[in-house]
Structure formats: C-alpha cells, structure tokens
Engineer: 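Starting off with a structure, shown below.
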Amino acid sequence: MSKSRRRESADSESKELPIYRHRSKLVDAVRENSFLLVTGETGSGKTTQLPQYLHHAGFCKNGAIAITQPRRVAAITVAQRVAQEMHCTLGKEVGYQVRFDDYTSQDTVVKYMTDGCLLREVLADSSLSQYSIVVLDEVHERSLNTDILLGLLKKKILSNPEKGRSFPLKVVVMSATLESDKLSAFLGNCPVFSIPGRTYPVDCTFGFAVGPKDVDSTGYVKEVVKMAFDVHTSERAGDILVFLTGQLEIERACDLLFEKAETIDYRYDVQDQTVDGLLILPLYGSMPTDQQKQIFQSPPPGIRKCVVATNIAATSLTINGIKYIIDSGFVKQLNHNSRVGMDILEVVPISKSEAQQRAGRAGRTSAGKCFRIYNEAFWEKSMPEYTVPEIQRTSLTSVILTLKCLGVHDVIRFPYLDRPEERFILEALKQLYQFDAIDRRGNVTPLGQLMVEFPLQPGLTRALLNAASLGCEDLMLPVAAMLSVENIFIRPGKPEKQKEADEQHRALAAKSGSLNDFATLLSVFQSCKSSDRPSSWCKENWIHWRALKSAFSVETQLREILLRLKQKRDFPVETFHGNRSELLRRCLCTGYFTNVARRSIGKVFCTMDGNGSMVHIHPSSSLFDQEGELNWIIFHDVLVTSRVYVRTVCPIRYDWVKDLLPKLHEVNVYELSSVAREEVTEDEMKKWEAKEAAKRQADPAEDITKKLEKRNNEATISDARARYLERKQQRKQNKAP
DNA sequence: CGCTGGGGG
C-alpha cells in the first residue's frame, strides 16, 4: 500500500469510530472543566482519538498531554498507532515512555506512558509543570499506581491547581461504563461524557458442575475440559478461549483435551499438538515470548483453535477470532495476609464484573457465546460484585513511602477512591518505621528519601543501602535485581523433566559454595553474565533467559541510581572485617529482619514477628533438610500450599539481628495511627518512648518464645493442611472414573 | 519433599 493510501485509510478509519461525532463537544468539555470523566467500552476509540482531538484543539501550546496506561505493551502499541495516524515519527510529536524504554524528545506533546512512570515523575516534580493535561486511562482496572495518581490529582486540583505552574492542570479520567457515578462523585461531581462502544452480544450460559461448595477444589479443570470438548464437537466454527488460573493447571487441561481429541477417528496432522481439527494452545505469562506469539496465528482451514490461558488473556493479550469462552470462574490473586504480614498468592472465585469482562472477549469481532462451568448459586453466593481493588488487598509499604515523600503526611485521610483498611496502612507505617524510612512522628528520614528513589520493595532497598554503606554493593545489586524480577528457575510440568531441572538447580546452589539461596542468585547472575553464550547457558541450567535478561537491566538501573545518589549526598562508609559470605548475609539482615525465623522442633521454624507463625523451608531451597547448626534463618517470601513454606532462605547468626528484633514489637498501633493522622501530642510521644525502652530490656527471642507457648500455633498449619488434603481428595475423585 | 496469576518502577 502506498503511503498516501495508507494515510487515507487511517483517516477514514478514525472517522468511523464512535467517538468521532462527539469530537467538538469533548474538546469543549475539557476546556470548561478541571476534571472530566469519559466512559466508553472497548472499541470506542477514546484511547487513540481523544489525545489527538486535544492536540488539534491547541491544548499542547502550554505543555504536553500525558496519557497513562496500566501496562507497558499498551502504552507502546497505542503510541505507535497514534504516531501513524498523525503521520509523524514515533518519538517526535507522539512518543511513549516506559521503564527501560523512552521514546520521547523535546518535540513530544502526546506522550503515552505507564502509570508507574508518571508516578515517578510526580516524585521529581509534584506540579507536573511540563504537562497541560493528564489523561488517566483504564481507570476501571484500578491498578495501584492509577489509584494513587487519581487521589494525588484530586488533592492537588481541589486544593491548589496552580501551585508551581503558570496555568491550571486539567485531568481527564477514562474508564469503562461500570461505576461511572462513583468516579464522577469522587472527582467533585465532574461531568460524564459517555461514548458508545462497538462490541457484539455474547450469550452466557451457566453450567451445573461447580457450586458454592466447590470454592476450595480443583475439580473445575476436568469440567472445563469437558465443556471445551462439548463446544468443539457441537458448536459452529470459531475459536475457543478457556480461562484457568495457572501454568500447571493449564498444562494438565491441555493434556486432557489432547487425550480426549485422540479418541475420535477423524484426525489432522498439522503439528504434534493437533488432532481432529482442534489446535490446543496453552498461554501463560512465563511462557517463552515466541511461543506466546503463536497463539495469534490463525489456524489452518478447518481447524479450530483452543487457547487455554491464565488471566493474561483477560486484558494483556487480545486474541482475534475468539467466539467461545469457557470460564472456570476462578483466578489466582495476590492478597495481603495480615497473619503472615505478607502478600500471598491464592486461588479465589472471580467477581461478577470480571466474569463479564471474560465473556466480553468473545464479542470483539462478532457475536459470541460464553459457557460458565459454575451454576447460578455459585454466581449469587460465591462471586462478589466487583473485584476488590489492588490498593485494598496488597502491601502498601512502598505506596505509603511514596505518599510521605510527596508531602502527604496524613496517609489515612488521603483521598482514596476506595480506602484501604486502616490496619493495612498502619502495617505499612510500622514497616517503614522498622526500616528507618520514617521516624516516630511519621516524618520521612534522610534514609527514606534515598529509599524512595529505588524501584524495589523497601526491605530490599534497605539491604542495598546498607551494603552501599559497607562498600559491598556489588554483592547486593545483583541479588536485589534477581529478587525483583519473575522467578528465574524453570520448573516444567512433566515429572521426568522436573527431575532434570531440579538436579541442575541443585548443582547451581552447590556451585555458589554456601548454603544460602541469596548467594545462589548472585552466583547464577555472575555465571550467566560472564558466559560467552548466556542464552544457551540458561537453557542448560533450566533458567529463564528472559527473566535473567531483565535482571541484568534492573541491576544496571539500580547501579545508576546508587551512583547518582552517591554523587548527590554524603554516603556514610563503614569498614567491615570478615568474609564475603558473612558480609552479604549481614546486609540482608537489615532488610529482612522482619522475616527472621528460629528453629522450633525438627523441621519447623517459627517466625520472630508478632505472629510467631510456624513455617517450613521449601524443598526448592538449598537449606531444605539441613540439620546441624542451622537455628536462625531469614527468608524472602512465603508460600502457602500443603504447608506454610518459606522460599529463598539463608542462615544467619542471632547476634546479627539481636539489636533489630525489638523493632518488631515496639511499635504501638495507637500511637502510629495518631502519627498518621497528625494527632499525636508530645506527652503521648514521651510515654511511647518510655514503653519502647522498657520492651527493649527483655531478650526478644526469649520474649517471643514465651508468647508462642501461649498460642495455638498449630492452627496456622492445620488450616492450610486441611485445605490441601481436601484438594488432594478432590483430585483423586476426579481421576477415579 | 514440592507446584507462583497478571501488572508496574
């Protein structure tokens, strides 16, 4: 196609979009209001068109237009598309900015970016003086960063819109139609502009196999397979998309589907996974990217494609030609668990709105059908109306530090669209205090100011800064990078391959020369980096090359930030005498003393936080089954399956954390909440300090051990164990016939 | 002796 023809088609295409006839009214509405809410379903064209209208109307004279997206790929692809429509080179008038990838220049006036990037920019310039308009897109997804930006912009515009600026900032909030009243009310009853979408009807039917009683079982995998096969053998042409929760489940479902398909005479030999006109394709995030791309190819004529996916297919990837949805009704979700004081991944029923979202994936190009394997009672009793927004179910430590650094002292009364539970906020404050990021009055410390600069969880940042002050950041930078990317160890679904992978991983641990999973990460990082052919090194060792590559990028970024901070401020440098292994572990202690555990009986360890949970070392750890002197450990994260497991573990000496442990108990919730609300008096503060001093007298380990005797800690284990046994039973029943 | 979704900086 010639260039002019392409231009023509892009132009006429955009004129056909539902948003086009609202063009002038939209521009007027933005001109007249500080806040505007634009709602519209997929296909309305709001993401690509609105910024162009505003650009043509001259809004970029004073500054650029920022449009935020919750995901990197979205920011990139939309920017590419808009650059094409505006006939400019990407990075000139139209550009994008995501972590590790900045396609913007002095000329950029329409800038697509991730919400996280804009939040970093707010930290550098809270008045956002380079922008005339901020457009928050996909607000209904309720990503943590978007929610925070929403509150910050509301606060700023309602209180002092022109502070630090030569003209007032405008904010456009874009969202699906759902909950538009609530959003408008939140933004001071701002006007709502709704744009019709362009989707086709999807006919939904309920199944009968899964009911409210099945919330804790995995029996749905079998049901999903059955239903997918029914659709394949009875419905007209059109591809199938199946929603399940995780990799192993998906691999199992694909195996079952393949077996079923083999029982039919009529067969095709297209690829080894293809029989009877059914092309079965798994899809999940940790899959190699080229394998992921395979799902976009249209199947050979006469063959039906069946994609078995995680929630990645709900928003991140859009597959064309999907006509049938099979919905398991479950999702894997990261929830904050106060009992362990950490975020834990668990399988839960989806919300009704999420079910509608899944169904909608069948109606993008033509009318479709959605088959839900659960019954109406499950819909009524087990599924909430809406998904609880991320801000109400994950750890807030980073977020609260960011707010504090932005001068939001009263983090409880901050304008949240949905307020997190107060105890979650207090927990975050407590952690920040423990890491010395805020003081007893809730003010950010100089250390906290340094910590906020790093794109890491606060504990890791704390350890990294400690390493820097001891002059051993070269040990900690790779470890921090490795722990902030997805799991780098590949563990396949097939048992034979598992054995092979496990052996390789054990060899890697042995190579690091110490019983320390953090040191193994460091060793893997260094070995791969110094290898001539890093990608084949990864393959041989069952390591995710993609994950390791991103760890390399993260490490470089962290190194640069550290260097910048060192030039800007005085860094206290202490000297340390001892060996490397001890040095690394001591640094880790400053960030992980909240995750200390002591051997209780046999293989059971007991955490030293107020909860005193009983935990086991995960079998993937090099410390698994190690007896002997191993009495004290720190760990990176917790996994609740058949037991409460800790993963990424290293042995420590009690001496190293002795002085830090009292911090786990000295924080009083009442005072902290007063601090958060700016209600604390000098008198109260003095009493508090006295109380803390008294607590510090006692030996923390003995103190906790005593407390534990009074508690029935078996509950922690037996809960998890009971659920596991139930699931196991369920699996047996499913296999029996 | 085991089983981690999807985002983001």
Side-chain angles (χ1 to χ4, degrees), chain A residues 68-75 97-101 113-124 138 141-149 218 243-252 283-287 309-317 328 330-335 343-348 350 354 387 390 394 398-399 401-402 452-457 460-461 481 484-495 498-499 501-502 505-506 544 547 550 553-554 557-558 561 603 616-621 624-625 637-643 645 647-648 724 727-728 731:
Chain A
T68 68
Q69 297 291 324
R71 281 172 301 282
R72 298 164 50 107
V73 267
Q97 190 192 343
V98 300
R99 190 184 188 185
F100 303 129
D101 203 0
M113 62 206 299
T114 51
D115 49 9
C117 269
L118 188 64
L119 197 55
R120 301 310 297 189
E121 282 191 13
V122 180
L123 270 168
E138 311 283 13
E141 285 188 25
R142 307 299 309 277
S143 93
L144 187 56
N145 289 332
T146 297
D147 267 17
I148 294 298
L149 284 170
T218 52
F243 280 106
L244 281 173
T245 69
Q247 174 183 349
L248 286 169
E249 225 173 65
I250 285 168
E251 281 170 0
R252 215 179 114 229
L283 172 66
Y284 44 84
S286 60
M287 246 169 56
T310 59
N311 243 20
I312 193 172
T315 47
S316 304
L317 295 177
S328 67
F330 289 94
V331 70
K332 221 167 242 174
Q333 204 174 61
L334 197 65
N335 287 323
D343 293 344
I344 288 178
L345 203 54
E346 48 190 5
V347 175
V348 293
I350 56 172
E354 206 172 337
T387 306
E390 203 181 353
T394 50
S398 286
V399 161
L401 179 61
T402 306
V452 81
E453 299 286 333
F454 291 88
L456 290 173
Q457 58 189 81
L460 272 177
T461 315
S484 68
V485 301
E486 53 183 316
N487 188 9
I488 57 143
F489 296 105
I490 298 174
R491 194 169 152 85
K494 303 245 186 299
Q498 268 178 16
K499 226 179 130 194
D502 290 350
H505 295 161
R506 266 194 291 274
H544 269 295
S550 60
S553 314
V554 173
Q557 187 192 23
L558 297 176
I561 295 171
K603 292 175 182 175
H616 285 74
I617 294 177
H618 193 268
S620 66
S621 168
F624 178 73
D625 256 355
D637 64 349
V638 174
L639 185 72
V640 181
T641 51
S642 57
R643 282 172 169 164
Y645 285 108
R647 276 194 332 182
T648 318
Y724 172 71
R727 284 201 295 268
K728 204 167 173 181
R731 275 198 291 274

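Each chain gets a letter, A, B and so on, in the order the sequences are listed, and its residues count up from 1.
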Engineer: When you measure from the side chain of A/R72, which nucleotide among B/dG5, B/dG9, B/dG2 comes out closest?
Structural biologist: B/dG9

Engineer: Does the side chain to side chain contact (heavy atoms under 4.5 Å, CB included) test come out yes or no for A/H544 and A/S286, once each step is laid out?
Structural biologist: CA-CA 8 Å; A/H544 269 295; A/S286 60; 4.1 Å; yes

Engineer: Could you state the atom-to-atom distance from CD of A/E486 to C1' of B/dG9 in whole Å?
Structural biologist: 15 Å

Engineer: Is A/T245 close enough to B/dG5 that one of its side-chain N or O atoms is under 4.0 Å from OP1 or OP2 there?
Structural biologist: no

Engineer: I need the CD-P distance between A/Q457 and B/dG9, as an integer number of Å.
Structural biologist: 16 Å

Engineer: Where the side chain of A/Y645 is defined as all heavy atoms beyond and including C-beta, which of B/dC1, B/dG5, B/dG9 is the nearest nucleotide?
Structural biologist: B/dC1

Engineer: Would you indicate what A/Q498 reaches in the nucleic acid, counting non-hydrogen atoms under 4.0 angstrom: base, sugar-phosphate, or nothing?
Structural biologist: base

Engineer: Would you call A/V122 and A/L149 a side-chain contact if the rule is heavy atoms closer than 4.5 Å?
Structural biologist: yes

Engineer: Using heavy atoms to find the nearest nucleotide of DNA chain B for A/L639 and A/P70 separately, return the residue whose nucleotide is more 5′.
Structural biologist: A/L639

Engineer: Which residues pass the side-chain contact (heavy atoms from CB on, under 4.5 Å) test with A/D502, not counting sequence neighbours?
Structural biologist: A/R491, A/R506

Engineer: Using only side-chain N and O atoms of A/S286, determine if any of them is under 4.0 Å from OP1 or OP2 of B/dT4.
Structural biologist: no

Engineer: Look at all strands and tell whether A/L144 reaches a base, only sugar-phosphate, or nothing, counting heavy atoms closer than 4.0 Å.
Structural biologist: nothing

Engineer: Give one of base, sugar-phosphate or nothing for A/V554, where a contact means two heavy atoms less than 4.0 Å apart.
Structural biologist: nothing

Engineer: Students often get this wrong, so: under 4.0 angstrom with heavy atoms, is A/D637 touching a base, only sugar-phosphate, or nothing?
Structural biologist: base

Engineer: So what does A/L248 hit on the nucleic acid, given a heavy-atom distance under 4.0 Å: a base, only sugar-phosphate, or nothing?
Structural biologist: base

Engineer: Remember a base hit wins even if backbone is also touched, and classify A/Y284 as base, sugar-phosphate or nothing at under 4.0 Å, heavy atoms.
Structural biologist: sugar-phosphate

Engineer: Would you mind classifying the nucleic acid contact of A/T114 as base, sugar-phosphate or nothing, using non-hydrogen atoms under 4.0 angstrom?
Structural biologist: sugar-phosphate

Engineer: Atom CG of A/L345 to atom C1' of B/dG6: distance rounded to whole Å?
Structural biologist: 10 Å

Engineer: Provide, to the nearest angstrom, the distance between the CZ atom belonging to A/R647 and the P atom belonging to B/dC1.
Structural biologist: 20 Å

Engineer: Specify the residue among A/Q557 and A/G246 whose closest nucleotide of DNA chain B lies further upstream toward the 5′ end.
Structural biologist: A/G246

Engineer: Can you tell whether the side chains of A/E249 and A/K332 come within less than 4.0 Å, N to carboxylate O?
Structural biologist: no

Engineer: Taking any heavy-atom pair under 4.0 Å as a contact, classify A/Q247: base, sugar-phosphate, or nothing.
Structural biologist: sugar-phosphate

Engineer: Taking atom P of B/dG9 as reference, at what distance in whole Å does atom CG of A/L460 sit?
Structural biologist: 18 Å

Engineer: So, under a plain 3.5 Å distance rule, would you say the side chain of A/D502 forms a donor-acceptor pair with the base of B/dG2?
Structural biologist: yes

Engineer: Please pick, from B/dT4, B/dG9, B/dG2, the nucleotide with the shortest atom-to-atom distance to any side-chain atom of A/S620.
Structural biologist: B/dG2

Engineer: Specify the separation, in whole Å, of atom NE2 of A/H616 and atom C1' of B/dG2.
Structural biologist: 13 Å

Engineer: To the nearest Å, give me how far apart CD (A/E390) and P (B/dG7) are.
Structural biologist: 12 Å

Engineer: For the pair A/Q97 and A/E121, evaluate side chain to side chain contact (heavy atoms under 4.5 Å, CB included) and give the outcome as yes or no after the intermediate values.
Structural biologist: CA-CA 11 Å; A/Q97 190 192 343; A/E121 282 191 13; 3.2 Å; yes

Engineer: Taking only residues two or more places apart in sequence, or in another chain, which ones meet A/R647 in a salt bridge (charged side-chain N to carboxylate O under 4.0 Å, His left out)?
Structural biologist: A/D637

Engineer: Rounded to whole angstroms, how far apart are CZ on A/R71 and P on B/dG5?
Structural biologist: 18 Å

Engineer: As a test of reading the structure: which of B/dG6, B/dT4, B/dG2 is closest to the side chain of A/L334, going by heavy atoms?
Structural biologist: B/dG6

